[in-house]
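Reading through the structure tokens given below for one structure.
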Amino acid sequence: GGGGGVQGTVDKSSTDSSYVGSFGGTGTAGVVTVTYSGAQLATTGAGAHGIFAQYAGGEGNSGAVANTTVAVTATGSVSATGAGAHAIHVENMGDGGGHSTITIGEDADIRGGGGAIYDNALTGAGVYIHSGSNSTLTNAGTISAVSGVAIHSFGGGTLTLDNTGTITGDILGTYVTPDASATADASAAAVDARAPATIRVDNLAGGVVNAGEILDVARLRNWGQVYVGRQGTLSGTRITGNFLHNAGTLSFDVDMASVDTDLLRVDGRAELHGALEINVLQASEHPNGVQTLTIIEAAGGVDASDLELVPSVVARYQLAAASDTELTLSYEVDYANDTLLAALNGNQGGLTSYFNALYQQGELEDGLAQTLIEVASHEDYAVAMNGLSPELATSNGVARLYRTLRFADGLFSCPNEGQGNVWAEDGQCAYVTLGVNRFERDATGGASGFDQDGLRITAGGQMLLDNGLALGGALAYDSTSLTT
């Protein structure tokens, strides 16, 4: 391009004798194409990027030298875990620059490095894009970083991100992290003074966004899975633009012991049309009544009229609009609520009432409590009670008894002709038979019904003794399945 380079020492103690750049040189840069398909490309040093693709155009190019001037494709994994290192670093600046494209294959694991090497330097990222023109990032693999910054894109162009893989961490554009040493007013002013976000994200079906603290995007549209504040941790996420939850699932972690939840803050408008699910990190030890938590705040308004909440038959979740800009979640844990008991039989209801008594005393085991809270339907809850009670073993015992009686009954005579005889003569025989059976028991008010299907292969024989008695024996193989 226009030439350039580094003169002097560039580090935390750099002086005026250090220069970086082309200083307005003229020239035409060429197209940069990088394709990586190996098993693993790895660096560990500070500032040691994995893939470095740079277009640096000089002055004098009135138009783009090509439609795409930087193209990176990675179908293998790239790891750059040192401080300030990017797994994929794309630079597309200067006159004559066209689009930049990054494509990450489904088997590729892209992992960037840690924090900045020195003050005011860039933090390591999974994918770093500095482009004066528009860029596209198509991800089918995984993108993350030690620093927590999955993607960092700025420079004036718009980044369009299509995700069918997994992105874990922050997505940064022109967002400015508030200075911890500054006053609250100064920090807020620094954030609000940033340029409008230029990143547009489509999380498509099958895609997962395991969001960090900030998604600095003009728009996030979701058809896949979005975890607020990262999966399994109690925190929150800020979306600086609009959030359009068209389909798929939006997930929040809730700690019922501390009565706290993830919080999604949206600077723009939140349009919610898919599903919302609750992941319980910890159940409450004792009953604590109805609890209400704010889960979404959107400055431009919240529309949750078409939002489908994944239910809990124990916690009985409910969503409500506290205002035009705020959505709340309410719940009350009761393992023996009237609606649930009415859907169970006597044995199932008795068992869950026992669990509720333990809950009242603060003695219900936390893992079991969480498991039962996450059950979404009365039918599945009944199945869970059957699995936790001795009724399933009793049902198996009843079915086994009937199979044994049928087998014993067959020992008193040779099978009828055509039932698999190998040899038969005057009350003596040797035989092999194959049979199927089905045993059904209807449910009653106090017990579950069940269906038992079986396959039996029997081999045996009978011989007559001189005293008029008969001696016989048989072996059988049984394969059964029981459905409650």
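Side chains are part of it too, since the values below use all heavy atoms of this structure and drop only hydrogens, waters and symmetry mates. Positions are given from 1 along the sequence. Values in this document were obtained by computation on a predicted structure and should not be read as measured data.
Side-chain atoms of N345 come within 3.5 Å of backbone N or O of N347 as a donor-acceptor pair. The closest donor-acceptor contact from the side chain of S147 to the backbone of G124 lies under 3.5 Å. Side chain of D262 to main chain of I295: no donor-acceptor pair is present (N/O by atom type, distance under 3.5 Å, no hydrogens or angles). Panel note: side chain H378, backbone D380; no donor-acceptor pair is recorded below 3.5 Å.
Across A369 and Y335, no two heavy atoms sit closer than the pair CB-OH, 3.2 Å.
Residues satisfying the side chain to side chain contact (heavy atoms under 4.5 Å, CB included) test with L281, not counting sequence neighbours, are L234, D253, N279. In terms of the side chain to side chain contact (heavy atoms under 4.5 Å, CB included) criterion, residue partners of T75 (sequence neighbours excluded) are, by chain and number, S37, T73. When the ring pair (Phe, Tyr, Trp, His ring centres under 6.0 Å) test is applied to Y354, no partner is found at least two apart in sequence or on another chain. E106 pairs by the salt bridge (charged side-chain N to carboxylate O under 4.0 Å, His left out) definition with nothing, not counting sequence neighbours. Checked against salt bridge (charged side-chain N to carboxylate O under 4.0 Å, His left out), E271 has the following partners two or more places apart in sequence or in another chain: R269. Applying the salt bridge (charged side-chain N to carboxylate O under 4.0 Å, His left out) rule to D109 yields no partners; only residues at least two apart in sequence or on another chain are considered. Taking D453 as the reference, R438 meet the salt bridge (charged side-chain N to carboxylate O under 4.0 Å, His left out) condition, with sequence neighbours excluded.
Ring-plane geometry between F52 and H89 is classed as parallel, the angle between the planes falling under 30 degrees on a 0 to 90 degree scale with a further cut at 60. Relative orientation of the H152 and F154 rings is tilted, given thresholds of 30° and 60° on the angle between their planes.
Atom CG of N210 sits about 10.5 Å away from atom CD1 of I167, to the nearest 0.5 Å. Separation of atoms NE2 (H49) and CG (L41) is listed at 13.0 Å; rounding is to 0.5 Å.
With Y128 as the fixed residue, the side chain to side chain contact (heavy atoms under 4.5 Å, CB included) test singles out one of L122, V90, I151: L122.
The side-chain heavy atoms of N356 and D334, taken from C-beta on, include a pair separated by under 4.5 Å. Between L244 and L220, the closest side-chain pair of non-hydrogen atoms is not below 4.5 Å. In this structure, L161 and I171 have side chains that are in contact, with non-hydrogen atoms separated by less than 4.5 Å. Looking at Q225 and S251, their side chains come closer than 4.5 Å, going by heavy atoms from C-beta outward. Residues V226 and T237 have side chains not in contact (no heavy-atom distance under 4.5 Å, counting atoms from C-beta outward).
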Show the numbers, then the answer: is there a side-chain hydrogen bond (donor to acceptor under 3.5 Å, both in side chains) between E277 and T249?
CA-CA 7 Å; E277 69 174 4; T249 304; 5.3 Å; no
Could you please spell out the steps behind the side-chain hydrogen bond (donor to acceptor under 3.5 Å, both in side chains) verdict for D216 and T240?
CA-CA 5 Å; D216 185 18; T240 61; 2.8 Å; yes
Take N134 and T160 through the side-chain hydrogen bond (donor to acceptor under 3.5 Å, both in side chains) test and state the conclusion after the steps.
CA-CA 8 Å; N134 294 339; T160 300; over 6 Å; no
Check the pair S100 / Y55 against side-chain hydrogen bond (donor to acceptor under 3.5 Å, both in side chains), numbers first and verdict last.
CA-CA 9 Å; S100 54; Y55 170 92; over 6 Å; no
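A salt bridge links D202 to R219: one of the charged nitrogens lies within less than 4.0 Å of a carboxylate oxygen.
Contacts classified as side-chain hydrogen bond (donor to acceptor under 3.5 Å, both in side chains) and involving residues 314-325 (residues at least two apart or in different chains) are given here: S323-T325. Screening residues 284-293 for side-chain hydrogen bond (donor to acceptor under 3.5 Å, both in side chains) gives S284-Y359, T292-S330 as the qualifying pairs, with residues at least two apart or on separate chains. For the salt bridge (Lys or Arg N to Asp or Glu O under 4.0 Å) condition, no pair includes a residue of residues 361-373, sequence neighbours left out.
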Please tabulate, one pair per line, all N/O donor-acceptor pairs under 3.5 Å involving side-chain atoms of residues 299-313, not counting sequence neighbours.
unit_1	atom_1	unit_2	atom_2	d
D303	OD1	S305	N	3.1
D303	OD1	S305	OG	2.8
D306	OD2	H273	ND1	3.3
S312	OG	V314	N	3.3
S312	OG	A315	N	2.9
S312	OG	I373	O	2.5

Could you go through residues 79-88 and list every donor-acceptor pair under 3.5 Å that involves a side-chain atom there, pairing it with any protein atom two or more places apart or in another chain?
unit_1	atom_1	unit_2	atom_2	d
H86	ND1	A125	N	3.2

